[in-house]
Enquirer: 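The structure is given below, and queries will be raised subsequently.
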Amino acid sequence: MTDFRSGFVAIVGKPNVGKSTLINALLGQKIAAVSPRPQTTRRRQLGILTTPSAQLVFVDTPGMHIPRHKLGKFLNQEAEEALSGVDVILFLVDISRPPDEEDKLIAGLLAQLKHPPRLVLGLNKLDLLTPDERQPRTALYQALLPSATCLSFSALHGEGRSALLEQLIEFLPQRQPDYPPDQLTDLYEREIAADLIREAALLFLRDEVPHGLAVRIDEFTERGETGAYIGATLFVERESQKGIVIGEGGLMLKKIGSSARQEIESMSGRKVFLELRVKVARDWRNDENLLTRFGFRLKKKKK
Ligand SMILES: Nc1nc2c(ncn2[C@@H]2O[C@H](COP(=O)(O)OP(=O)(O)OP(=O)(O)O)[C@@H](O)[C@H]2O)c(=O)[nH]1
Ligand SMILES: [Mg+2]
């Protein structure tokens, strides 16, 4: 096992570029919530992939963006902290759109790192471009970070994914694995369950609610043969949003619950009984006490 490679790969990039999709795809199992809405990921999460010759510990981060709320500030802190001490940084972008200010900002931040690890520029969503569009768009992104090794692929459909994996492994140091080979993530099942409930809500709800939504698991009990009981509360910011989440005759909440239950069951491989409630926590995204209660730890900046 002397040439076994092992190390940490931080995946950074704007919201919605496909960071969590890529990790789920490489692991071959869903451990992270994914949705068409930006800011789906709200905390750092490890995705651990062990092959016969390597262990890659992916660090999924909340998308980096310009903060508007205290929650936004937390998300950026999480992303920046994820960069310290990793072996490879995979800067993920959405190649179906031209680079914008946020991509440039992140590229600038990466170019300034004092002890840079290996840098890979990952051009994702290749499936959305015609063959003619690929080369000129690639050049625009490469110009943002010329020092990086550039690869394009489709996290969702698979094209180019194995070449990416090979390149990442090549950049890892020769080292014994940090985690047992069967461990897939560092989050507890109840934390993933909370994320999957929020993912289901993001899928079904209209624009005015999603970012004002937080999920707290109130109870998670094993019930032997019958599976697990999960009780959770969905917090919204305003009374008017509560009605939207519950829906007419409770229909919306039922839809969210049934979709989330299926995802949690397939993640955990057993039956789940899921009970959801909705409560108002006024303006929680700007309330440090409430942010802490929902599991976001805001840290003071060092510097
Ligand atoms: N067509 C296409 N869509 C993709 C691809 N990868 C991801 N997506 C879609 O992009 C959307 C966002 O994916 P996520 O994985 O949640 O993105 P993220 O970067 O983790 O987003 P945040 O957690 O908000 O920072 C989802 O609707 C995915 O299905 C791809 O290769 N091709
Ligand atoms: Mg994500």
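These numbers come from the heavy atoms of this one structure, side chains and all, not from hydrogens, waters or symmetry mates. Just follow the structure's listing: the first ligand is 1, and inside any ligand the first atom is 1.
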Enquirer: Does any N or O atom in V17 lie less than 3.5 angstrom from one in ligand 1, N or O only?
Expert: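 Yes.
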
Enquirer: Less than 3.5 Å between some nitrogen or oxygen of L156 and one of ligand 1, yes or no?
Expert: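 Yes; at least one N/O pair falls below 3.5 Å.
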
Enquirer: Is K254 paired with E248 through a side-chain N to carboxylate O contact shorter than 4.0 Å?
Expert: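 Not counted as a salt bridge, because no side-chain N and carboxylate O are separated by less than 4.0 Å.
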
Enquirer: Out of all atoms in ligand 1, which are within 4.0 Å of some heavy atom of P36? Include the element for each.
Expert: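 Reading through ligand 1 atom by atom, the close ones are 27 (O).
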
Enquirer: Would you say P15 has any N or O atom under 3.5 Å from an N or O of ligand 1, going by distance alone?
Expert: no

Enquirer: Quick one: which ligand 1 atoms are inside 4.0 Å of a heavy atom on S35?
Expert: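 Ligand 1 atoms under the 4.0 Å threshold to S35: 11 (C), 12 (C), 13 (O), 16 (O), 26 (C), 27 (O).
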
Enquirer: Does a side-chain N-to-carboxylate-O contact under 4.0 Å join D287 and R285?
Expert: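 Judged by the 4.0 Å cut-off on N to carboxylate O distance, D287 and R285 do not form a salt bridge.
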
Enquirer: If you measure from atom 12 (C) of ligand 1 to every heavy atom of N16, L202, D60, which option wins on shortest distance?
Expert: N16

Enquirer: Quick one: look at L128 and ligand 1, take heavy-atom pairs under 4.0 Å, and tell me if it's side chain, backbone, both or neither.
Expert: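 Just the side chain.
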
Enquirer: Which bit of N124 gets closer than 4.0 Å to ligand 1, counting heavy atoms only: side chain, backbone, both or neither?
Expert: side chain

Enquirer: Provide, to 0.1 Å, the distance between atom 17 (O) of ligand 1 and the closest protein heavy atom, together with that atom's residue and name.
Expert: G18 N, 3.1 Å

Enquirer: Which residue holds the protein heavy atom closest to atom 19 (O) of ligand 1, what is that atom called, and what is the gap in Å?
Expert: K19 NZ, 2.7 Å

Enquirer: Is R238 salt-bridged to D283, going by a charged N under 4.0 Å from an acidic O?
Expert: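 So R238 does not pair with D283 through a salt bridge.
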
Enquirer: Looking just at side-chain N and O atoms, do Y179 and Q55 make a donor-acceptor pair shorter than 3.5 Å?
Expert: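 Checked: Y179/Q55 side chains show no N/O donor-acceptor pair below 3.5 Å.
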
Enquirer: So does R270 pair up with E189, basic N to acidic O under 4.0 Å?
Expert: yes

Enquirer: Which residue owns the protein heavy atom closest to atom 10 (O) of ligand 1, what's the atom, and how far is it?
Expert: K125 NZ, 3.0 Å

Enquirer: If I apply the N/O under 3.5 Å rule, does S20 come out as touching ligand 1?
Expert: yes

Enquirer: Could you grab the distance from atom CG of N124 to atom CZ of R161, nearest 0.5 Å is fine?
Expert: 10.0 Å

Enquirer: Would you say T130 and D132 are linked by a side-chain donor-acceptor pair, where the criterion is simply a distance under 3.5 Å?
Expert: no

Enquirer: Could you check whether any side-chain N or O of E237 sits under 3.5 Å from a backbone N or O of R282, counting only pairs where one atom can act as donor and the other as acceptor?
Expert: no

Enquirer: Under 3.5 Å, is there a donor-acceptor pair between the T185 and Q45 side chains?
Expert: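 Their side chains do contain a donor-acceptor pair, which is all the 3.5 Å distance test asks for.
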
Enquirer: Can you give me every donor-acceptor pair (side chain of residues 190-201, partner residue at least two apart or in another chain, under 3.5 Å) with its distance?
Expert:
unit_1, atom_1, unit_2, atom_2, d
R190, NH2, I217, O, 3.2
E191, OE1, Y188, N, 2.8
D195, OD1, R43, NH2, 3.2
R198, NH2, T40, O, 2.2
E199, OE1, K30, NZ, 3.0
E199, OE2, K30, NZ, 3.0
E199, OE2, V34, N, 2.6

Enquirer: In plain terms, say whether D60 and K19 are close enough for a salt bridge, that is, a side-chain N and a carboxylate O under 4.0 Å apart.
Expert: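 Salt bridge: no.
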
Enquirer: Any ion pair linking K14 and D103 (charged N to carboxylate O, less than 4.0 Å)?
Expert: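 Salt bridge between D103 and K14, a charged N being under 4.0 Å from a carboxylate O: yes.
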
Enquirer: Are V59 and I89 connected into the same hydrophobic cluster when the rule is that any two of I, L, V, M, F, W, Y join if their side-chain heavy atoms are below 4.5 Å apart?
Expert: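 Linked, I89 and V59 end up in one cluster.
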
Enquirer: May I ask you to list the atoms of ligand 1 that are less than 4.0 angstrom from any heavy atom of D127?
Expert: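 Those atoms are 1 (N), 2 (C), 30 (C), 31 (O), 32 (N).
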
Enquirer: Please write down residue, atom name and distance for the protein heavy atom closest to atom 15 (O) of ligand 1.
Expert: T21 OG1, 2.6 Å

Enquirer: Identify which protein N/O/S atoms are less than 2.8 Å from the Mg ion (ligand 2).
Expert: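 Hits for the Mg ion (ligand 2) below 2.8 Å: S20 OG, T41 OG1.
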
